[in-house]
Amino acid sequence: MSDFLEQVDETELGLTTPHPHADGQPYSEVPTEEQEGGATRRKLPFGTYLASAWLILLLFSVTFTKLLPLDDPNQSFPGLKEVAPFNDPAHILGGDGNGRDMLSRVIWGGRISMLVAVSAVLFGLIIGGTLGLLSGFYRGKVGNVLVSLFDILLAIPPLVLALALVAVLKGDPTKDNGLPTVSILIFALGIVSVPVLARITRANTLAWGQREFVLAARAQGAKNSRLIIREILPNVLPAMISISLLGIAVAIIAEGGLGILGVSVEPPTATWGTIINTGRTSLRDAPFIVFIPCFAIFFTVLALNYLGDVVRDRFDVRESAL
Amino acid sequence: MPVIVRKLIQLVVVFVVVTFFTVLLISLIPGKPEQVVIPFGTNAQRQAFRQDVGLDKSIPEQWAKWVNNFAHGDMGNYYQSSGKRPVGPDIRRAIPVSLLLLLYVQVLSLLVAIPLGVYSAFRANSRTDRFINTSAFAMIAMPNFALALLLSYYVGVRLGWVPPEGYTPIEKGVVDHFKSMVLPTITLSVGLIAVYMRLLRSDMIQTLQEDYILMAKAKGISNRRVLWRHALRPSSLTLLTVAGINIGALIGGAVVIEYLFSVPGMGYLIGVAIATRQYIALQSAIAVVAIGFVLVNFFIDFLYNVLDPRIRERAT
């Protein structure tokens with residue numbers, strides 16, 4: 001599990017540490033368009049540091065949760081029921097409706113929410129990205145069939161599709177049917193993200209596949225596999241990363257929604273969605289129980305969206321080349 | 001082949017696949033579906049359930065049976081240990097409520113987003129523009145359920161201006177009806193406003209650089225008239241498409257929001273069906289939503305073809 005999260009951590013770091021060619025030099029062949037805020041293209045906007053700081057903090061705490069000096073997220077403390085934040089020095093974020101430490105629950109909950117979101121998008125990226133590359137490279141029949149497939153998948157509202165899959169695959173919650181809910185969530189959200197990621201990848205593959213350097217490589221006798229992996233993929237990657245960051249944000253929100261509808265991970269295990277769901281019963285008296293995970297989601301989504309935009313601006317990603 | 005025929009064939013294919021998927025849902029339930037759907041029922045009830053759904057038949061036969069029933073308005077039953085109850089009437093009651101909510105949301109979003117978008121395009125890169133843009137960015141990142149809970153708590157519970165949840169039909173009092181719809185409408189609109197506004201802004205900034213805008217200005221037409229009559233019109237087409245595309249996202253978002261505010265639309269029905277494990281109701285509701293979504297997309301696509309001659313030419 002921590003492997004997944006660490007990988008993402010590194011990607012995030014890689015995005016934000018300005019590497020030697022980060023000023024767009026190797027990409028100068030990309031026709032640059034007149035862009036708003038063109039003056040700031042060379043310097044990373046200030047928000048980038050804020051956004052990465054939040055994500056690094058979050059990823060650190062959800063990866064090394066076991067090493068942090070936190071209370072047991074499922075332990076009830078006497079007298080901590082609905083205690084507001086900053087009232088008890090031992091429990092900074094207060095306690096939930098069952099007297100459990102909120103700080104610990106939000107971090108342990110974030111661990112599962114992030115695991116689900118990141119793995120779901122990785123799943124979508126591997127399948128959707130491959131399909132997108134193939135359908136963009138081999139235009140004609142293969143491409144057309146794949147595109148119609150994406151269109152059909154996109155014909156069902158994504159959240160409703162994910163909801164149906166999770167609800168049905170979970171089946172009877174009183175019986176253990178082998179598949180843990182976390183993997184069902186990853187699978188359902190992953191399936192939903194496949195057509196979106198595939199479309200973006202395809203659009204960019206179409207655009208890059210017609211460039212002269214691909215033709216030059218082909219003229220030198222490069223095989224198709226080499227063309228796809230060595231020539232096109234590196235250029236399409238920024239678009240995939242950018243849309244993946246947005247995808248992780250969407251998946252986090254989706255987990256929250258599934259939690260509210262009661263089909264996320266079973267209680268007492270905390271996820272951001274289930275904390276909100278159980279906290280709803282005490283919304284009147286202790287609204288902070290609901291608002292703390294809500295804001296954790298908000299800041300994370302904001303940071304991911306922001307970084308996604310930064311990547312997109314920097315690499316001049318086109319999304320509408322279909 | 002004329003565009004309309006091709007689109008119609010596409011529509012039929014999508015319809016078949018979508019309904020096939022919804023029929024398949026029941027078979028995806030791990031273990032025995034009848035056991036999961038009626039955990040406390042008698043064996044006779046479970047047998048009746050297998051019979052109703054046609055679980056002993058092949059999937060294509062199940063599909064044919066399902067489509068036939070669906071076309072005749074039979075949307076299956078709620079199965080409880082106390083007996084069964086048809087889903088159809090509930091769905092027919094829920095659809096208008098959801099449509100009303102979607103209508104309110106679209107109207108409010110466009111009413112707010114168009115002036116904001118026009119203004120920030122006109123004053124691009126000014127301080128106001130940057131402020132509007134930044135807020136829009138934050139709004140998009142705000143999960144709608146978080147906004148729903150914030151509004152429900154602060155406006156509903158603390159201020160007590162409107163009920164924090166519940167729904168009043170329009171026949172039972174217009175004022176109460178709007179009061180019960182205000183929070184769900186605002187919740188769903190906020191994200192959409194941000195999307196529409198950003199889109200309109202970037203679209204209009206391009207339009208405002210066209211020669212005919214310069215021409216209009218040179219003729220001494222007032223800024224207001226140039227903006228609203230000359231610049232907004234060509235941009236409204238993009239807005240229309242995006243408004244159509246967003247209906248899908250809206251339906252998804254509306255599931256959670258209707259559930260949170262207890263607005264008895266399709267989303268609420270889906271939420272309750274999941275919570276009570278009424279999979280047949282869930283199946284029918286999802287089919288209705290997906291078919292509605294497919295039809296809306298088809299209609300928007302068609303309208304787009306009619307409205308914009310450039311697309312018509314490219315297609316033929």
Side-chain angles (χ1 to χ4, degrees), chain A residues 36-37 47 148-149 151-175 177-179 249-250 252-254 256-263 272-273 276 279-280 283-284 287 290-291 293-295 297-306 309, chain B residues 10 13-15 17-18 21-22 25-31 33 35-37 39 124-125 137-138 140-147 149-150 152-154 157-158 164 202 205 247-253 255-256 259-260 267 270-271 273-275 277 279 282-283 285-286 289-290 293-294 297:
Chain A
E36 39 181 1
S148 335
L149 201 76
D151 281 348
I152 288 167
L153 262 179
L154 285 169
I156 304 178
L159 189 65
V160 177
L161 176 63
L163 204 61
L165 281 176
V166 176
V168 165
L169 288 176
K170 270 180 80 170
D172 190 354
T174 56
K175 288 208 185 71
N177 46 40
L179 268 183
V250 174
I252 291 172
I253 295 182
L258 294 175
I260 288 173
L261 292 166
V263 285
W272 285 342
I276 296 172
R280 259 191 346 118
L283 182 65
R284 266 166 206 275
V290 165
F291 293 157
C294 277
F295 277 101
I297 296 178
F298 173 61
F299 289 133
T300 311
V301 170
L302 194 62
L304 287 166
N305 284 357
Y306 193 86
D309 270 21
Chain B
Q10 236 172 35
V13 173
V14 171
F15 176 80
V17 174
V18 165
F21 169 76
T22 48
L25 270 183
I26 296 299
S27 322
L28 284 178
I29 299 175
Q35 195 72 41
V36 177
V37 173
N125 289 330
F137 196 80
I140 291 177
M142 189 74 171
N144 54 19
F145 52 79
L147 193 64
L149 290 161
L150 276 171
S152 173
Y153 178 69
Y154 282 104
V157 177
R158 285 285 283 274
S202 62
I205 286 177
I247 289 180
L250 203 54
I251 290 172
V255 173
V256 180
Y259 189 72
L260 278 177
I270 290 176
I274 287 172
R277 277 188 295 288
Y279 288 113
L282 177 66
Q283 183 191 33
I286 284 173
V289 168
F293 181 53
V294 170
N297 277 351

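Order of the sequence lines sets the chain letters (A, B, ...), proteins ahead of strands, with each chain counted from 1.
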Visitor: Quick one: list whatever passes ring-ring contact (aromatic ring centres under 6.0 Å, His included) with B:Tyr259, sequence neighbours left out.
Guide: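 Listed in chain order: nothing, the list is empty.
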Visitor: Quick check: closest heavy atoms across A:Val168 and B:Leu25, and the distance to 0.1 Å?
Guide: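 Minimum heavy-atom contact is CG1-O, 3.0 Å.
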Visitor: Of the backbone (N, CA, C, O) and the side chain (C-beta and beyond), which part of B:Ile274 lies under 4.5 Å from a heavy atom of chain A, both, or neither?
Guide: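 Side chain of B:Ile274 only, per the 4.5 Å heavy-atom cut-off to chain A.
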Visitor: Considering only heavy atoms, which portion of A:Tyr306 lies under 4.5 Å from any heavy atom of chain B: side chain, backbone, both, or neither?
Guide: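 Backbone plus side chain of A:Tyr306, per the 4.5 Å heavy-atom cut-off to chain B.
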Visitor: Please state whether the side chain, the backbone, both or neither of B:Phe21 comes within less than 4.5 Å of a heavy atom of chain A.
Guide: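 Side chain only.
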Visitor: So how far is it from A:Leu261 CG to B:Ile270 CD1, rounded to the nearest 0.5 Å?
Guide: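 One gets 9.0 Å once the value is rounded to the nearest 0.5 Å.
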Visitor: Between A:Gly257, A:Gly262, A:Ala254, which residue shows the highest count of heavy-atom pairs closer than 4.5 Å to chain B?
Guide: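 Of A:Gly257, A:Gly262, A:Ala254, A:Gly257 has the most heavy-atom pairs under 4.5 Å with chain B.
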Visitor: Among B:Val294, B:Val157, B:Leu149, who wins on heavy-atom pairs under 4.5 Å with chain A?
Guide: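 Maximum pair count with chain A is reached by B:Leu149.
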Visitor: Checking B:Leu260 against chain A: side chain, backbone, both or neither under 4.5 Å from a heavy atom?
Guide: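 Interface part for B:Leu260: both.
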Visitor: Considering all heavy atoms of both residues, which atom of B:Gly253 and which atom of B:Asn144 are nearest to each other, and what is their separation?
Guide: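 Scanning both residues completely, I find the closest heavy atoms to be CA-ND2, 3.6 Å.
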Visitor: Report the distance from atom CG of A:Leu165 to atom NZ of A:Lys170, rounding to the nearest 0.5 Å.
Guide: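 Going from CG on A:Leu165 over to NZ on A:Lys170, the span is 13.5 Å.
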Visitor: Students often mix this up, so state it plainly: with edges at 30° and 60°, are the rings of B:Tyr154 and A:Phe291 parallel, tilted or perpendicular?
Guide: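 Answer is parallel, since the angle falls under 30°.
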Visitor: So which part of A:Ala164 gets closer than 4.5 Å to some heavy atom of chain B, the side chain, the backbone, both or neither?
Guide: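 Both parts, backbone and side chain.
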Visitor: I'd like to know which of B:Val255, B:Val18, B:Leu150, B:Leu28 tops the heavy-atom pair count under 4.5 Å against chain A.
Guide: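 Result: the option with the highest number of such pairs is B:Leu150.
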Visitor: Heavy-atom distances under 4.5 Å only: say whether A:Val290 touches chain B with side chain, backbone, both or neither.
Guide: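 Contact with chain B: side chain only.
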Visitor: Measuring heavy-atom distances to chain B, does A:Leu161 have an atom under 4.5 Å in its side chain, in its backbone, in both, or in neither?
Guide: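 When you check distances to chain B, only side chain atoms of A:Leu161 fall under 4.5 Å.
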Visitor: How long is the straight-line distance from CE of B:Met142 back to CZ of A:Phe295, given to the nearest 0.5 Å?
Guide: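 One gets 5.0 Å once the value is rounded to the nearest 0.5 Å.
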Visitor: Of the backbone (N, CA, C, O) and the side chain (C-beta and beyond), which part of B:Pro33 lies under 4.5 Å from a heavy atom of chain A, both, or neither?
Guide: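 For B:Pro33, there is no contact with chain A at all, as no heavy atom is under 4.5 Å.
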Visitor: State the OH-CD1 distance between B:Tyr279 and B:Ile26, to the nearest 0.5 angstrom.
Guide: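 The CD1 atom of B:Ile26 is 8.5 Å from OH of B:Tyr279, to the nearest 0.5 Å.
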Visitor: Shorter than 4.5 Å, heavy atoms on both sides: which option in A:Ile276, A:Val263, A:Ile260 has the most such pairs with chain B?
Guide: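 Going by pairs under 4.5 Å, I would pick A:Ile260.
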